[in-house]
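This is the structure I have questions about; it appears just below.
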Amino acid sequence: MSTMFALVDCNNFYVSCERLFRPALNRCPVVVLSNNDGCIIARSNEAKELGIGMGEPFFKKKAFLQRHKVKVFSSNYGLYGDLSCRVMSVLQQLEPDVEVYSIDEAFVRLPAHAEQPVIQQGKKIKQRVDQCVGIPVSVGIGTTKTLAKIAASVAKKDQQCSGVFFLEDSVQKTILSTLEVQTIWGVGRQTSNTLNRHGIYTALELQQSDPAWIRKILGLPCARTVMELRGQPSIPLEATPSSRKSVVSSRSFRHPVTELSALKEAVSWFISLAANKLRNQELVAAQLHVFLSTSRFRTDIPRFSGSSMATLPQPTSTTSVLIKAGMQELAALYKKGYPYNKAGIMLTGLGRADMQQQNLFVPAESKRNTKLMAALDQINRRWGRDALRYASSGLQREWSMKQSWRSPAYTTNWKELPVVH
DNA sequence: TCTGGGGTCCTAGGACCC
DNA sequence: TCTGGGGTCCTAGGACCC
């Protein structure tokens, strides 16, 4: 038997995280909101049954949610990130080749000649995560990652398979013929529109089309998907994460912001967050991009969206150096009179901090900076990430996020540990 | 009033070179 | 009138993912 892939997918992950510490929520409809309490990004099954869609704006559903007594949470990424790590480490204890695909999903290579049938291996994974972490998962198994994804969606929907499904050859045709192309991993709206125009509507029809022709009209990624549907692995499992290529930090504001001074505070804060992330991974950045935009949903105001890039004198992760460059870009980008609702920064040209190439014309960055940053990070690790911060990131924070219903950081903050009587 | 944030890969087209 | 061709590198933008 050829090698098999399993996709392990946490069910309604953010909701499951909230429920873990509040079992009383187990039968209630629950939703979790995006940053800024903007959209609904996670729903319990009960909430899905009420017809609440993924990504729906919260303000449009607020009354409805109240009426149906749906419990609402702001997102709590500290908690979700920590529980995600626990799930992933359980998987890594079971199998050597695990690709952490997202915060709530992982691909696992199942041993080719195991004594256990794959379905048993899948059940074991599910049971172990349940026992060690308490987060329910679905497991889909197939001969390629794309087929494993499809199997996982069946596992999730079909009550009869109790969370584990193997997409065997014998059932493949039947299942693929009922799936719309849009539901396939890697096929989005644009691609599915194009496919539809060519008379291809189901996963089965896509599987049976000519990869060379698909390649011509839709490009390489889609041609790979066709191969994967045919059972020929074309998207390899990446057990060792490739090094990161960019770091982004951006937020929507609570209220529109027009003043340059407030934008400076926000951008300084975003830079502090991103620079810290850079240092945690022992990276430095060569470029800094600043971007700024008005709401893309409002038609009653003048609109603006733009970005500006600075090439740093030398790659760095020092907050003060980055803030200085960022303030210059922001000033160049800023136009008076627009109600901005979002700003952000992106760091690119990332390289390892210990392998920097020195610039002939610029003195090497002082050791003082490195030590200062280490001290800053240590203090903030201990006392909270904004215990010590740059004055330029402000105290008033008119622009800060809305987060009205955040649960405690049960597992990552000593002050917020759950209390047992 | 109020519509997320953080990523990756691919492709087309421009600039530049010989 | 007629005005090469091919290669590389870089960037912006599109599409997709969760």
Side-chain angles (χ1 to χ4, degrees), chain A residues 7-14 31-42 53-63 65 72-77 80-81 84 99-107 145-146 149 152-153 181-195 215-225 234-236 238 241-256 270 273-274 277 281 286-287 289 291 293-301 305-309 311 339 341-350 401-404:
Chain A
L7 177 74
V8 182
D9 192 347
C10 300
N11 300 342
N12 316 330
F13 183 54
Y14 298 170
V31 298
V32 177
L33 306 180
S34 65
N35 271 331
N36 225 17
D37 295 340
C39 300
I40 295 163
I41 53 166
M54 173 67 182
E56 281 199 76
F58 173 55
F59 75 91
K60 286 188 182 170
K61 279 278 169 202
K62 206 166 176 175
L65 297 175
V72 176
F73 289 89
S74 302
S75 43
N76 182 347
Y77 288 101
Y80 312 150
S84 172
E99 175 185 343
V100 177
Y101 177 66
S102 73
I103 194 164
D104 68 341
E105 281 174 63
F107 289 101
K145 286 164 79 175
T146 304
K149 273 276 210 184
S153 72
V181 280
Q182 249 230 79
T183 61
I184 303 167
W185 186 44
V187 179
R189 219 183 60 232
Q190 302 300 324
T191 303
S192 81
N193 283 346
T194 307
L195 288 170
R215 156 94 228 240
K216 226 173 282 166
I217 62 166
L218 284 161
L220 189 56
C222 194
R224 279 194 195 122
T225 297
S234 306
I235 305 171
E238 288 172 39
S242 59
S243 63
R244 159 184 312 285
K245 299 189 172 59
S246 64
V247 170
V248 173
S249 174
S250 73
R251 296 284 184 281
S252 300
F253 304 138
R254 182 190 295 258
H255 311 292
F270 301 151
L273 293 175
K277 197 167 182 184
Q281 305 186 24
Q287 296 101 29
H289 309 244
F291 48 91
S293 64
T294 54
S295 169
R296 60 184 205 280
F297 297 102
R298 287 180 63 176
T299 49
D300 57 326
I301 52 160
S305 170
S307 75
S308 178
M309 185 193 80
T311 299
N341 94 123
K342 180 175 181 162
I345 67 113
M346 178 162 65
L347 299 168
T348 57
L350 306 191
M401 276 199 300
K402 216 183 316 188
Q403 272 202 323
S404 308

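In the text below, chain A, chain B and the rest are named by the order of the sequence lines, each starting its count at 1.
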*Separation of B/dG4 P from A/K342 NZ (nearest whole Å)*: 7 Å

*For B/dT3, take OP1 and OP2 only and decide whether either is under 4.0 Å from a side-chain N or O of A/S252.*
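False: A/S252 side-chain N/O out of range (4.0 Å or more) of B/dT3 OP1/OP2.
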
*Rounded distance in Å - NE2 (A/H255) to P (B/dC2)*: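 Atom-to-atom, A/H255 to B/dC2, this comes out as 10 Å.
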
_Taking the side chain as everything from C-beta on, heavy atoms only, tell me whether A/R189 gets closer than 4.5 Å to A/Q182._
yes

*Tell me: CG of A/N35 to P of B/dG4, nearest whole Å?*
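Rounding to the nearest Å, CG of A/N35 and P of B/dG4 are 10 Å apart.
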
*Of the residues in residues 216-223 of chain A, which ones touch DNA chain B at a heavy-atom distance under 4.0 Å?*
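Going residue by residue through residues 216-223 of chain A, the ones with a heavy atom under 4.0 Å of DNA chain B turn out to be A/G219, A/L220, A/P221.
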
*Sequence neighbours left out, what passes ring pair (Phe, Tyr, Trp, His ring centres under 6.0 Å) with A/F13? Give chain and number order.*
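A/F13: no ring pair (Phe, Tyr, Trp, His ring centres under 6.0 Å) contacts found.
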
_Taking only the C1' atom of each, what is the distance from C/dG4 to B/dC16 in whole angstrom?_
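Taking atom C1' in both C/dG4 and B/dC16, they lie 16 Å apart.
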
*Taking only the side-chain heavy atoms of A/P57 (C-beta and beyond), determine which of B/dT3, B/dG4, B/dG5 contains the nearest atom.*
B/dT3

*asked:* Any base atoms under 4.0 Å from A/S246, or only sugar-phosphate, or nothing? Heavy atoms, all strands.
replied: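 The answer is sugar-phosphate, as A/S246 gets under 4.0 Å only of primed atoms, P, OP1 or OP2.
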
_Phosphate OP1/OP2 of B/dT1 contacted by A/R298 side-chain N/O (<4.0 Å)_ =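 Checking B/dT1 against A/R298, no side-chain N or O comes under 4.0 Å of OP1 or OP2.
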
*Hey, are A/T348 and A/Q287 close enough side-chain-wise for a donor-acceptor pair under 3.5 Å?*
yes

*Report, as a single string ordered 5' to 3', how protein heavy atoms within less than 4.0 Å touch nucleotides 7-18 of chain C: B base, S sugar-phosphate only, - not at all.*
--------SSSS

*asked:* Going by the rule side chain to side chain contact (heavy atoms under 4.5 Å, CB included), which residues pair with A/T194 if we only count those two or more places apart in sequence or in a different chain?
replied: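 With sequence neighbours excluded, A/T194 shows a side chain to side chain contact (heavy atoms under 4.5 Å, CB included) to A/R197, A/H198, A/L218, given in chain and number order.
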
*asked:* Is it the case that the side chains of A/N341 and A/T294 hold a donor-acceptor pair, with the cut-off being a distance below 3.5 Å and no angle test?
replied: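 Side-chain D/A pair, A/T294 to A/N341: absent.
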
_So A/K62, base contact, sugar-phosphate only, or nothing? Heavy-atom distance under 4.0 Å._
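Here A/K62 touches no strand at all.
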
_Taking side chain to side chain contact (heavy atoms under 4.5 Å, CB included) as the definition, give me every residue that meets it alongside A/A286, ordered by chain and number, with sequence neighbours left out._
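Applying side chain to side chain contact (heavy atoms under 4.5 Å, CB included) to A/A286 gives A/P315.
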
*For A/S250 and A/K342, which heavy atoms make the closest approach, and how far apart are they?*
OG-CE, 3.8 Å

*asked:* With side-chain contact (heavy atoms from CB on, under 4.5 Å) as the criterion, how do A/F58 and A/L65 come out once you've worked through the C-alpha distance, each side chain's angles and the decisive distance to 0.1 Å?
replied: CA-CA 9 Å; A/F58 173 55; A/L65 297 175; 3.6 Å; yes

*Between B/dG4 (C1') and A/F270 (CZ): distance, integer Å*: 12 Å

_Pairing annotation in dot-bracket form, given for DNA chain B with Watson-Crick or G-U pairs under 3.5 Å and | for cross-strand partners_ = ....||||||||||||||

*Enter the distance from A/S34:OG to A/I41:CD1 here, rounded to the nearest 0.5 Å.*
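Going from the OG atom of A/S34 to the CD1 atom of A/I41 covers 5.5 Å.
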
*Decide if the gap between the ring center of A/F270 and the ring center of A/F291 is smaller than 6.0 angstrom.*
no

*So does A/K402 get a side-chain nitrogen or oxygen closer than 4.0 Å to the phosphate oxygens (OP1/OP2) of B/dG4?*
no

*Could you tell me whether the side chains of A/S308 and A/H289 share a donor-acceptor contact shorter than 3.5 Å?*
no

*Take atom CG of A/L33 and atom P of B/dT3, then tell me their distance rounded to the nearest Å.*
12 Å

*Are any of A/S75's side-chain N or O atoms less than 4.0 Å away from OP1 or OP2 of B/dG4?*
no

*Residues A/Q281 and A/R244: side-chain donor-acceptor under 3.5 angstrom*: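 Distance-only check passes for A/Q281 and A/R244.
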
*Grab the CZ-P distance between A/F253 and B/dG5 for me, whole Å please.*
10 Å

_A/S243 or A/F297, whichever maps to the more 5' nucleotide of DNA chain B_ = A/F297

